[in-house]
Amino acid sequence: MATRLKEVDVVIVGLGWTGGILAKELSEAGMHVVALERGGMRATNPDFAIPLIRDELKYAVRNALMQNPARDTLTFRHSQSERSLPMRQLGSFLPGEGLGGAGVHWNGVTWRWTGIDHALRSHYEQRYGKAFIPADMPVQDWPITYKELEPYYDKFEHTAGVSGKAGNLRGTVQAGGNVFEAPRDRDYPLPPLEPSYSQMLFADASAQAGYHPFPRPSANASRAYTNPDGSRLGACVYCGHCERFGCEANAKGSPHITVIPKAMAQPTFELRTHAWVTKVLLDSTRRKAIGVAYTNVLTGEEYEQPAGLVALCAYAINNVHLMLLSGIGAPYDATTQKGVVGRNYCYQPGGGGVTLFFEDKIFNPFMATGAFGVALDDFHASDQFDRTAMGAIGGATITVGQSNGRPIGYRPVPAGTPRWGAEWKKATAKWYLRSMNIGVTASNMPNRYNAYDLDPTYKNVFGQPLLRLTYNFLENDKKVVGFVGQKAAEIARSLKATSMNGPGTLGEYSIVPYQSTHNTGGAIMGTSPRDSAVNRYMQSWDVPNVFVVGASAFPHNSAYNPTGPVGALAYWAADAIKTKFRQRPGLLT
Amino acid sequence: MSRLVVRGWWLVAAVVVVAFSSSTLVRAADPDKGKAIFEQCAACHSLGDPGDYDGPSLKGVIGRKAGSLEDYRYSAAMKRSDVTWDAGTLDTYVTDPQAFIPGNRMAFAGISDKTQREDLIAYLATAAR
């Protein structure tokens, strides 16, 4: 029998970046907020203190900070004709668990998406004609323009301490920044990080080829920084332990050192850890949420937390799962293309990059940060890039980063090297210092069959059906990766390396090797309940006192990392709740 | 482990000699410049109340025994280091924290520039009293 608790104004499910932002903004506005986090409490000291945090086996291989798939996971299949099977180990992507969520173990790449991304269908129809978008590709515009979201992007950049260089200040193009970015009101809060040698080589070579290299915006603080809320970030020490780790130096913009402590200082805020939400509870009309059901995973005790507003701020995948388990919105059916919850799942194809090996150059890959890099947007954000030659929608960024040179995971060797044994050992020792990678990361357009629903067979530890993912890379993705991969290879050849691996081509999607934790869609935003699960304020069309915040709202995936708009949309939704919903609860227009 | 510690102590002796000779004969350390360098430390260290900082307060650090604040949870390495902070030990520590006290938890790679270290320590001597 569940214990029924006292009603609060807001219950937040999941306390990472989006939950932390809502927790701070709403509790500071005087609302009584309870946050339920399925994982434990975490703090830089002692959890991420050196030397213990620099344990590659524990954190990078055994994923100490992530979701445990033995408790809850999803099932996967490539197409409707395949049988879905549970993902029993994390691989392709790494959902976080514990205070701060994936905001603790991310790399820190923080883009603003462009005007093209915000108005995708309109852009392609105007420029290339309606027939250019295939019938089975349900792309749609965001219900929010870039201009509307600009102040919220700015707010997130300043909260997270992003290092970068503006490329377009109020319409004036800035040399050295990303000249293809949409106009911004002011520069990043911190100057770019120091580039690596490989990044300098790439910047020179790509500029000589006529492209527009710029420092990739990074929530790795290039200097010590105090954000507008008074949270302190240290300067990045280039230790190469960002993704999969918590930052020892508080240099990575993370919710556990910024928004969450600010919420926790409010008397109207309460955090409960190890609180696993199993369902959003609806009233008999199914049009109103009355709270959530959760289990304390340490004791097994069950609770009901009544609330006037429920904010789903879990990882993008889990937001969709909770909606389907709770009956919020009509589930999407790929066969009939009816329903909305589960549609437009997108990921992020890579694999078109090249790795270069130089007998005569030393790159010191261990001097690394998760996000620093030199990037080209000439084949992605640029609308001068004519997609007819590529024959596909979207584009890809070309980047030289250097996220780490860790001893287990970082072992670049030339193609043809044996996979094990003495020859492999010799090659890995020789090339560890002498190689660099040029990465190609592509956007991902939705397809009618790439979607989530509930699995008919497999269940989690709470006896609930697992989420089922049906997904594969498609022709459009292969064309983008192939086309931009060739451009990356042309730049690479001008560097005259001793040898080069790649460019690769895109095959079938595999859920086994790590690619990126950039899972988007499933509870997408839009202008009509016919083709979206939430409105422009991240509010459920069907149950208006439920807000669903995060990358689950993206109607497609950009070639950019998702966290910039994830943070911006969280501030945007918090504003709508504070200034609109609070006064007049109901569907916002 | 013990070999590393011994090597660290050799370094102390060497650096103390260098630090003293250079600061007295060549230039006076500049606490104003040290204030700017301290920004690298300020994310984790207060010069006053402990507050919600990740590192221990540096109030009164000069003359203090390392690892001795009662309200701060130090690493075992720091607690058993048997170091007392003065201009010499601070200089050695800030040069390469892991070389001097292996296994300590301060997340800082060190400052290789001797002048910057002297300015920083001069600032601490005035501001962290």
Side-chain angles (χ1 to χ4, degrees), chain A residues 42-55 104 160-161 189-191 193-194 220-227 229-242 245-254 256-266 364 366-369, chain B residues 1 4-5 8 33-58 67 69 71-81 93-113 116 119-120 123-124 127:
Chain A
R42 296 194 293 216
T44 302
N45 186 5
D47 299 309
F48 312 139
I50 53 168
L52 295 179
I53 189 64
R54 302 241 187 123
D55 184 339
V104 163
L190 290 168
L193 292 142
E194 293 295 328
N220 309 145
S222 56
R223 295 182 187 160
Y225 172 67
T226 302
N227 82 7
D229 302 324
S231 304
R232 294 176 302 269
L233 276 74
C236 177
V237 296
Y238 300 79
C239 77
H241 290 70
C242 272
F245 300 83
C247 180
E248 63 196 39
N250 281 349
K252 178 165 65 177
S254 300
H256 75 287
I257 57 166
T258 54
V259 287
I260 294 172
K262 295 298 166 194
M264 290 175 79
Q266 294 297 320
N364 291 336
F366 44 84
M367 292 196 290
T369 97
Chain B
M1 184 65 102
L4 274 175
V5 175
K33 285 185 179 155
K35 187 177 180 183
I37 294 159
F38 182 74
E39 274 190 32
Q40 297 176 64
C41 322
C44 298
H45 291 290
S46 150
L47 293 174
D49 294 334
D52 62 343
Y53 291 75
D54 280 323
S57 168
L58 297 182
L69 286 183
D71 55 1
Y72 187 79
R73 198 177 147 202
Y74 291 95
S75 60
M78 185 61 76
K79 276 193 282 197
R80 64 167 180 257
S81 66
Y93 185 55
V94 171
T95 305
D96 186 347
Q98 284 301 323
F100 186 33
I101 304 178
N104 87 81
R105 284 208 209 108
M106 185 167 81
F108 188 62
I111 299 174
S112 53
D113 185 311
Q116 288 188 5
D119 293 344
L120 174 68
Y123 173 67
L124 288 177

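Letters A, B, ... are given to chains in the order of the sequence lines, protein chains preceding strands, and every chain is numbered from 1.
When all heavy atoms are compared, the tightest approach of B:R73 to A:P46 is NH1-CG, 3.4 Å. Heavy-atom minimum distance, A:P51 versus B:G103: CD-O, 3.7 Å. Minimum heavy-atom separation, B:A107 to A:E248: CB-O, 3.0 Å. Across every non-hydrogen atom of A:N45 and B:R105, the tightest pair is OD1-NH1, 4.0 Å.
If you measure heavy-atom distances from B:Y74 to chain A, you find no contacts under 4.5 Å at all. For chain B, the nearby part of A:L233 is the backbone; its heavy atoms alone come within less than 4.5 Å.
Under a cut-off of 6.0 angstrom, the local environment of CG in B:D71 is crowded, with over 12 non-hydrogen atoms contributed by other residues, nucleotides or ligands. Summarising the local packing, CZ of A:R54 is surrounded by more than 12 heavy atoms from other residues, nucleotides or ligands at distances under 6.0 Å. Atom CD of A:E194 is surrounded by 12 or fewer heavy atoms from other residues, nucleotides or ligands within 6.0 Å.
The side chain to side chain contact (heavy atoms under 4.5 Å, CB included) search around B:C44 returns B:D54, not counting sequence neighbours.
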Check: A:N250 and B:Y53: side-chain hydrogen bond (donor to acceptor under 3.5 Å, both in side chains), yes or no, with the steps?
Finding: CA-CA 11 Å; A:N250 281 349; B:Y53 291 75; over 6 Å; no
